[in-house]
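A short write-up of the structure that comes next.
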Amino acid sequence: MIHNIRYRIFVYEDEDEEKLIEGLKNILPTAKIEREIAEGMLEDEIVILSGKIDKKRETKEFLKTLLDMDKDSLEKLSNDLERKIDKNGNLFLRFSKTSACEEKWEICDTGDSIHLKIKIAAYPAKKEIAINLLNEALNEVL
C-alpha cells in the first residue's frame, strides 16, 4: 500500500538533536538519517534531518502501527484525507515532536513537527484512488 516514506525534521538551536532523532526512531525505527546544516532567517543554525524508507517490510510496519492509533486520531485522519493527499497520491502527515519523544504518535497540523511524505501505491497514481485505498484500510479498523 505504501511505496516509500520520506521524512524531514527541522532542529532549531534550542532543541536537542539526539532527543529528536530518538523521537523519529519511535515513528520510523529503521530510519537512516542524513544531516544538513541550513541558516535561518535570523542567521541562526538549523539542522535538517531527512531520509527515505522504501523497504516493503518497513513501510508495512509503519502502516500497521499507524492503524493501531486511537480511534479519534484515525477518524480525524479519515476526515482530513482530502486535504492531506496531493494529486499524485502522496499523503502528507505531521507528527508532534514532543509526543514522538515520549514514544507516542500524535498527528498534528503545526509546522514545527516531524514531516512525512508517504507515497501511496495507487494505480494510477491519483488522489481519488489513494483516498479510497486509505479509507478502505481505515474503515477496517474503525
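It should be emphasised that the depicted structure is a prediction, and the values quoted were computed from it without experimental measurement. For the numbers below, each heavy atom of this structure counts, side chains included, while hydrogens, waters and symmetry mates do not.
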>> Let's go through Tyr7 and Leu28 carefully: what are the C-alpha distance in whole Å and the side-chain angles of both, what is the deciding distance for side-chain contact (heavy atoms from CB on, under 4.5 Å) to 0.1 Å, and is it a yes or a no?
In response: CA-CA 9 Å; Tyr7 50 89; Leu28 299 168; 3.5 Å; yes

> Quick check: does any side chain N or O of Glu106 sit under 3.5 Å from a backbone N or O of Ser96, one acting as donor and the other as acceptor?
Replying inline: no

>> Applying salt bridge (Lys or Arg N to Asp or Glu O under 4.0 Å), can you list everything that pairs with Glu103, at least two apart in sequence or on another chain?
In response: none

> For residues Ser73 and Asp70, is any side-chain donor paired with an opposing acceptor at under 3.5 Å?
Replying inline: yes

>> Check whether Arg94 reaches the backbone of Thr110 with its side chain - one donor and one acceptor, N or O, closer than 3.5 Å.
In response: yes

> Would you call Lys97 and Asp112 a salt bridge, taking side-chain N to carboxylate O under 4.0 Å as the test?
Replying inline: yes

>> Once side chain to side chain contact (heavy atoms under 4.5 Å, CB included) is applied, do any residues pair with Lys104, and if so which ones, sequence neighbours excluded?
In response: Ser99, Glu102

>> Could you work out, with salt bridge (Lys or Arg N to Asp or Glu O under 4.0 Å) as the rule, every residue matching Asp80, not counting sequence neighbours?
In response: Lys76, Arg83

>> Go through it in stages, so that I can follow the logic: the residues are Phe95 and Leu66, the test is side-chain contact (heavy atoms from CB on, under 4.5 Å), and I'd like the CA-CA distance, side-chain angles, deciding distance and then a yes or no.
In response: CA-CA 11 Å; Phe95 287 91; Leu66 179 70; 4.1 Å; yes

> Would you call Asp86 and Lys126 a salt bridge, using N to O less than 4.0 angstrom?
Replying inline: no

>> I need the minimum non-hydrogen distance between Ala100 and Ile27, along with the two atoms involved.
In response: CB-CD1, 3.9 Å

> Is a donor on one side and an acceptor on the other found under 3.5 Å between the side chain of Lys60 and the backbone of Ile2?
Replying inline: no

>> Does Lys56 have more than 12 heavy atoms from other residues, nucleotides or ligands lying within 6.0 Å of its NZ?
In response: no

>> Test side-chain contact (heavy atoms from CB on, under 4.5 Å) on Ile5 and Lys117; report intermediate values, then the result.
In response: CA-CA 6 Å; Ile5 303 169; Lys117 178 181 176 184; over 6 Å; no

>> Checking the side chain of Trp105 only, and the main-chain atoms of Asn26 only, is there a donor and an acceptor separated by less than 3.5 Å?
In response: yes

>> In the structure I gave you, are the side-chain heavy atoms of Asn135 and Ser78 within less than 4.5 Å of one another anywhere?
In response: yes

> Does a side chain donor of either Thr59 or Asp54 reach within less than 3.5 Å of an acceptor in the other side chain?
Replying inline: no

> Just how far is it from atom CG of Leu138 to atom CG of Asn79, taken to the nearest 0.5 Å?
Replying inline: 10.0 Å

> Does Leu93 offer a backbone N or O that forms a donor-acceptor pair with the side chain of Lys84 under 3.5 Å?
Replying inline: no

>> One pair to check against side-chain hydrogen bond (donor to acceptor under 3.5 Å, both in side chains): Thr30 and Glu58. What are the steps and the verdict?
In response: CA-CA 7 Å; Thr30 60; Glu58 296 168 358; 3.2 Å; yes

